[in-house]
Amino acid sequence: MVLAELGGSISRALARMSSATVVDENVLRECLNEIARALMQADVRFKMVCDLQANIKKSVNLEALAAGTNKRRVIETAVGKELCKMLDPGKPAFVPKKGKPNVVMFVGLQGSGKTTTCTKYAHYHQRKGFKPSLVCADTFRAGAFDQLKQNATKAKIPFYGSYVESDPVKIAVEGLEKFRQEKSDLIIIDTSGRHMQEAALFEEMRQVAEATKPDLVIFVMDGSIGQAAFDQAQAFKQSASVGAVIITKMDGHAKGGGALSAVAATKSPVIFIGTGEHIDEFDVFNVEPFVGRLLGRGDLPGLLDKMESIVPADQQSELVAKLAEGAFTLRLMYEQFQNLLKMGPMGQIFSMLPGFSSELMPKGQEKQSKEKIKRYMTIMDSMTAAELDSKNPKLMTESRILRVARGSGRRVKDVTDMLQQMGGKSAFEALVKQMGGGKDMSKMLAGMRGGA
Ligand code: GDP
Ligand code: MG
């Protein structure tokens with residue numbers, strides 16, 4: 001879903017390379033050219049694309065690789081590493097902590113998605129146990145308060161604003177006071193925008209910030225502007241001490257990759273991306289899982305994060321316990337597939353499963369992904385109980401694979417593909433172990449975020 005096209009092109013380029021009989025300089029060049037084309041189509045700056053290409057070439061010295069080294073894997077790793085480098089915007093200086101009176105102020109141009117994103121941000125934190133509240137300090141645009149009120153009411157979040165007061169500073173201060181008294185631990189201030197980066201906008205932002213002393217200023221920007229995001233992010237960073245960025249409209253816009261790389265280049269930490277108008281269409285942004293999704297490796301922490309709101313509460317601890325004791329078997333995967341198939345909008349979820357991301361378009365391709373899951377389930381249906389419950393990846397020998405392929409009426413390649421994807425679980429297990437295997441998802445997630 002997020003940047004599905006870009007991810008699709010990159011993982012297709014890698015896949016094509018791996019189907020070549022010999023991986024030599026020519027094959028590598030062809031693959032890198034294809035990746036470069038995809039990045040340029042996403043509006044990533046030419047210079048950045050050239051650097052990326054050069055860096056990958058430098059780090060992959062095919063001739064120097066020992067015989068028997070998996071060249072494909074070496075190249076894939078290098079591509080992933082360089083993409084991470086290009087898209088890494090750094091970490092935010094401030095992260096809200098529960099139980100403390102956090103104040104967060106949103107700024108950005110008109111129409112960038114501030115008001116929508118304020119509500120998404122509030123809703124996200126509400127789900128994590130915060131007590132958020134919304135203050136509408138936009139007195140510039142008619143109807144601004146109504147819009148916030150509507151959004152907040154729908155999400156059941158307390159709000160404050162005024163139809164008559166015209167001073168944004170006064171409203172912001174009053175709202176802050178009210179919600180401090182009500183012990184809200186995440187007070188979110190929505191401000192007005194202007195069409196361009198006018199002096200008046202920056203002056204108003206400065207005044208509101210001075211009066212409310214926010215712990216964090218979040219700059220919201222429209223991702224569809226592509227590499228032009230560089231100048232905008234730079235301008236806001238200088239005028240408003242921006243501590244974090246949220247990029248919106250990353251759905252259905254080919255230029256999202258350009259925006260992301262441009263913001264990363266200004267070293268402004270991107271913390272979330274908006275992927276639709278709906279309140280749930282909001283993803284935590286972490287560079288490594290994000291690149292993992294682009295490359296079709298999945299995003300297990302992201303998946304867990306979503307699962308937290310999807311897996312019934314009474315099943316969560318069981319699932320986590322199993323994961324924590326390293327009992328992530330094919331059977332468990334099978335059960336999770338069953339859960340997934342029962343769920344509603346699957347685009348978001350699919351893109352986080354290892355091996356699924358590249359094909360994921362929000363709507364059109366959902367059917368194909370569902371079929372893939374069903375195909376995997378058919379394959380698993382032909383496995384023995386011992387195979388399903390095994391924690392040993394080496395158990396699936398050639399003869400067992402052959403038997404399962406025959407039994408399920410699938411090709412050997414389908415079976416090995418599935419096993420390979422499930423193989424991604426070992427990384428997940430390691431992660432779970434590293435976190436000490438908490439008792440509930442939120443604790444695990446907290447561990448993951450801390451460690452990320
Ligand atoms: P503001 O002027 O900065 O407060 O922007 P709004 O929150 O009013 O949003 C402007 C328009 O962008 C609205 O129509 C939103 O529904 C839409 N919008 C906001 N975020 C997203 C997003 O992530 N994806 C899409 N497709 N639309 C968005
Ligand atoms: Mg607004």
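Just so you know, ligand 1 is whichever comes first in the structure, and atom 1 is the first atom listed for that ligand. When reading the values below, keep in mind they use all heavy atoms of this one structure, side chains included, and skip hydrogens, waters and symmetry mates. All residue numbers refer to positions in the sequence shown, counting from 1.
- Exactly one residue among T119, T115, T117, V107 makes a side-chain contact (heavy atoms from CB on, under 4.5 Å) with D190. That residue is T115.
- Protein N/O/S atoms closer than 2.8 Å to the Mg ion (ligand 2), listed by chain and residue number, are T115 OG1.
- The existence of a salt bridge linking E174 and K178 is excluded, since no basic side-chain nitrogen approaches an acidic carboxylate oxygen closer than 4.0 Å.
- Side-chain contact between L260 and V270 is present, with at least one heavy-atom pair separated by less than 4.5 Å.
- Protein residues are said to neighbour a ligand when one of their heavy atoms lies under 4.0 Å from it; for ligand 1 these are L109, Q110, G111, S112, G113, K114, T115, T116, K120, R141, Q147, T248, K249, D251, G274, T275, G276, E277.
- Judged by distance alone, with hydrogens and angles left aside, the side-chain atoms of Q126 form a donor-acceptor pair with the main-chain N or O of K156 at under 3.5 Å.
- Cation-pi geometry between K120 and Y124 is not met: the NZ or CZ atom fails to fall both under 6.0 Å from the ring centre and inside 45° of the normal.
- Among the candidates M86, Q227, M40, the single residue satisfying the side-chain contact (heavy atoms from CB on, under 4.5 Å) test with M48 is M86.
- Nearest heavy-atom pair across I157 and A122 is CD1-CB, 3.5 Å.
- Under the 3.5 Å distance criterion, the side-chain polar atoms of Q147 are left unmatched by any main-chain donor or acceptor of G143.
- Remark: the backbone N or O of E182 is paired with a side-chain donor or acceptor of K131 at under 3.5 angstrom.
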